[in-house]
Amino acid sequence: MGVLGSRKKRKRVNRTLIIYWVLSALFFVIFSLLNSFCGSLKGELISKLEIEKNLSFENEQLRTEIATITRERFLTLVAQERLGLKKAKEEDVYVVR
């Protein structure tokens, strides 16, 4: 019985080691897959953030341009309606020195 008891014990130890190694390998594979997936998502996020930064800068430039155009139109409207001025034609401009 002493020999049979030690064989059962060895089988349990061997099974435990096999289960441990299988679970370790499985954990390693899952971790590797998640790491590569997160790496690709990180790359996509960085590229989208760069695009957003460029678009924000372009948007701010366009807002400034629109504000300038709107201001010029507003000044033209005020000059025409309130002051009675009108835009001079090229023939009407005289240069006096």
Side-chain angles (χ1 to χ4, degrees):
M1 284 236 172
V3 174
L4 284 176
S6 65
R7 284 185 185 173
K8 287 182 181 180
K9 198 174 191 181
R10 273 193 235 153
K11 284 185 179 182
R12 269 192 225 141
V13 171
N14 286 340
R15 285 183 190 166
T16 306
L17 282 175
I18 291 171
I19 290 172
Y20 173 75
W21 284 109
V22 168
L23 289 176
S24 297
L26 185 63
F27 175 76
F28 178 75
V29 169
I30 290 172
F31 180 75
S32 298
L33 290 174
L34 286 175
N35 191 22
S36 65
F37 179 70
C38 289
S40 65
L41 286 179
K42 181 181 176 184
E44 288 179 27
L45 179 64
I46 288 173
S47 65
K48 287 182 181 183
L49 287 174
E50 287 176 358
I51 291 171
E52 182 184 356
K53 180 181 174 185
N54 292 337
L55 289 175
S56 294
F57 179 73
E58 186 177 348
N59 189 21
E60 189 61 35
Q61 286 181 331
L62 290 173
R63 284 180 189 231
T64 304
E65 186 177 339
I66 287 173
T68 304
I69 291 170
T70 305
R71 184 170 181 251
E72 289 176 4
R73 287 184 183 167
F74 175 73
L75 291 175
T76 303
L77 182 67
V78 168
Q80 288 174 353
E81 289 185 358
R82 295 186 186 169
L83 302 175
L85 301 175
K86 56 184 175 180
K87 194 170 186 175
K89 297 177 185 173
E90 288 188 27
E91 303 94 40
D92 297 340
V93 177
Y94 299 105
V95 178
V96 179
R97 293 183 183 210

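Just so it is clear, the model here is predicted, and its values are computed rather than measured. Count residues from 1 along the sequence.
Note that CD1 of Ile66 and CG of Asn59 are 8.5 Å apart. Values are rounded to the nearest 0.5 Å. Phe28 contributes atom CZ, which lies 10.0 Å from atom CG of Leu33 (distance to the nearest 0.5 angstrom). Remark: Leu55 CG to Lys48 NZ distance equals 13.0 Å, nearest 0.5 Å. Summarising the geometry, atom OG1 belonging to Thr76 is positioned 11.0 Å from atom CZ belonging to Arg71; distances are rounded to the nearest 0.5 Å. Taking OG1 of Thr70 as the reference point, atom CG of Leu75 lies at 11.0 Å (rounded to 0.5 Å). Rounded to the nearest 0.5 Å, atoms CG (Leu45) and SG (Cys38) are 11.5 Å apart.
No single ILVMFWY cluster, assembled from side-chain heavy atoms under 4.5 Å apart, contains both Phe27 and Ile18.
Each of Thr16, Leu23, Val22 was checked for a side chain to side chain contact (heavy atoms under 4.5 Å, CB included) with Ile19, and the lone residue meeting it is Leu23.
Enclosure of atom CD in Glu44 by more than 12 non-hydrogen atoms of other residues, nucleotides or ligands within 6.0 angstrom is indicated. Other residues, nucleotides and ligands contribute only 12 or fewer heavy atoms inside 6.0 Å of the CD atom of Glu58.
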